[in-house]
There are 2 protein chains.
Amino acid sequence: MAVTTRRADAQRNIAAILTAAAECLSRDPAASTSEIAKAAGVGRVTLYGHFPSRAELVDAVFVQAIATGDETLGQVDLTGDPRDALTRLIESSWHLVDQYRALLLAAQDALPPGRMRELHADPMARVERLLERGRSENVFRTDLPTTWLVSVMHNVMHGAASEIQAGRITSAQAAPYITATLLAAFAPPKPE
Amino acid sequence: MAVTTRRADAQRNIAAILTAAAECLSRDPAASTSEIAKAAGVGRVTLYGHFPSRAELVDAVFVQAIATGDETLGQVDLTGDPRDALTRLIESSWHLVDQYRALLLAAQDALPPGRMRELHADPMARVERLLERGRSENVFRTDLPTTWLVSVMHNVMHGAASEIQAGRITSAQAAPYITATLLAAFAPPKPE
DNA sequence: GGTAACTCGTACACTGGTGTTCGACAAGAG
DNA sequence: CTCTTGTCGAACACCAGTGTACGAGTTACC
């Protein structure tokens, strides 16, 4: 974008808008630009001066969230027994999902279809790589496509987030539930 | 509802609106009352004459869908090995989910929170009963709450519906994937 | 201190839906 | 055949949000 020389206060405002948007959208996925601007201590016009539309703002917020999230995920030790590695990865991923759930909903109906998946490419590749390794070591099942397993992981986590929001389970219970469920779902089918 | 004496054409129109709404909402969860009225071959005013608000219309459509769906589910044989019974139940449920997915999204943001769950009570009880039986026969795991297992089933199915919509799997593949995943997830943990 | 970049509030146009009102007209029930 | 019930279209008020235009004021930069 050739950010040649933004004035200092402009940069400060952009940052403020970004973090305010993250907060507001996490509280209410349908938060309006007015709310966000107010929360950022900035006029609505200023907001539109930096982000041409609400959609692009949401996109920017989401990009940032993915970036920091993916960085966290990058620090997870994925070596050793794939089952243990997956447990660690789930733990970390779950925290992120739990945290960014509402933001994700916001992105879902503000961004063009496919954009979400595009942005999730890196974290998804991480999971896929681990699953592939587990498959080659015969500790994960190979009778279902890897992409399906990734999808299951994704949906179980988001389902857990819904359960929490509905008050049926607590955030603390969720992680072990998810882990227990997915490890069983991903194990090779019994020889029977 | 004290349907004392509706005139015949009124009843016909109500039915037409209901089925038209089901169609429209299945195509586009955000379908407007104008679209629905037009599809029903009825004036918008007539629609409002029978349903006080869009929300109540969506509710009525949803109630109807649940009723017919639950009837279908009632015909599934749930006796014998719980794993086989679950397979059959998944098969039937999956068809319904696949069919009514968009309608469900419509209900999600037109109905007050909790209403959906309320309407899902019967089909959910059906699943729970089967799971409980399987648990008592030691073919389903007991280390996780039944409600959690129900939630997993729910989310895996809806995840599959998303995958189909995104064109990543086909409707035919979905059922066996779901079954294979859930049977593994619900089995008792290995003694190890 | 001059200048360009930036911000602010108010106001406005536009959009797309919801729900209501009106009066004229059609159709079913008895 | 009449009267009630229902229907129709067009028009309207309303709402909430998005994005734009203007002009005056402020702030950073050199």
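As a basis for the values below, the full set of heavy atoms in this structure was taken, side chains included, without hydrogen atoms, waters or symmetry mates. Protein chains get the first letters and strands the later ones, always in sequence-line order, with residue 1 at the start of each.
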Expressed in angstrom and rounded to an integer, what is the separation of [X] atom [atom1] from [N] atom [atom2]?
{"X": "A/Lys38", "N": "D/dT18", "atom1": "NZ", "atom2": "P", "answer": "13 Å"}
{"X": "B/Ile14", "N": "C/dG28", "atom1": "CD1", "atom2": "P", "answer": "15 Å"}
{"X": "B/Glu35", "N": "C/dG17", "atom1": "CD", "atom2": "P", "answer": "7 Å"}
{"X": "B/Gln11", "N": "C/dA27", "atom1": "CD", "atom2": "P", "answer": "18 Å"}
{"X": "A/Leu57", "N": "D/dG17", "atom1": "CG", "atom2": "C1'", "answer": "15 Å"}
{"X": "A/Ile17", "N": "C/dC8", "atom1": "CD1", "atom2": "C1'", "answer": "13 Å"}
{"X": "A/Tyr48", "N": "C/dC14", "atom1": "OH", "atom2": "C1'", "answer": "13 Å"}
{"X": "A/Arg54", "N": "D/dT20", "atom1": "CZ", "atom2": "P", "answer": "15 Å"}

Report task. Just call it for B/Ser34: base, sugar-phosphate, or nothing, with non-hydrogen atoms closer than 4.0 Å on any strand. Result ->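 No contact.
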
Query raised in the report: Under 6.0 Å from the NE2 atom of B/His95, do we count more than 12 heavy atoms belonging to anything else shown?
Result: no

Query - CD/B/Glu71: more than 12 non-hydrogen atoms of other groups inside 6.0 Å - result: no

Query raised in the report: Can you tell me if A/Glu35 uses its side chain to pair, donor with acceptor, with the backbone of A/Ser32 under 3.5 Å?
Result: yes

Query - Under 3.5 Å donor-acceptor, A/Thr179 side chain and A/Ala175 backbone - result: yes

Between [X] and [N], does any side-chain N or O lie under 4.0 Å from OP1 or OP2?
{"X": "B/Ser32", "N": "C/dG17", "result": "no"}
{"X": "A/Asn13", "N": "C/dC6", "result": "no"}
{"X": "A/His50", "N": "C/dT7", "result": "yes"}

Report task. For the side chain of A/Ala8, starting at C-beta, report the closest nucleotide among C/dT7, D/dC29, D/dC8. Result ->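 Of C/dT7, D/dC29, D/dC8, D/dC29 is nearest to the side chain of A/Ala8.
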
Report task. Could you pick out which residue, B/Asp9 or B/Val45, lies toward the 5' side of DNA chain D when each is mapped onto its nearest nucleotide? Result ->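 Looking at the nearest nucleotide for each, B/Asp9 comes out on the 5' side.
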
Report summary line: Residue pair B/Arg12/B/Ser53 against DNA chain C: nearer the 5' end by closest nucleotide is B/Ser53

Report task. Decide yes or no, distance alone: a donor-acceptor N/O pair under 3.5 angstrom between the base of D/dG19 and the side-chain of A/Arg44. Result -> yes

Report task. For B/Arg101, check salt bridge (Lys or Arg N to Asp or Glu O under 4.0 Å) against everything at least two apart and list the hits. Result -> none

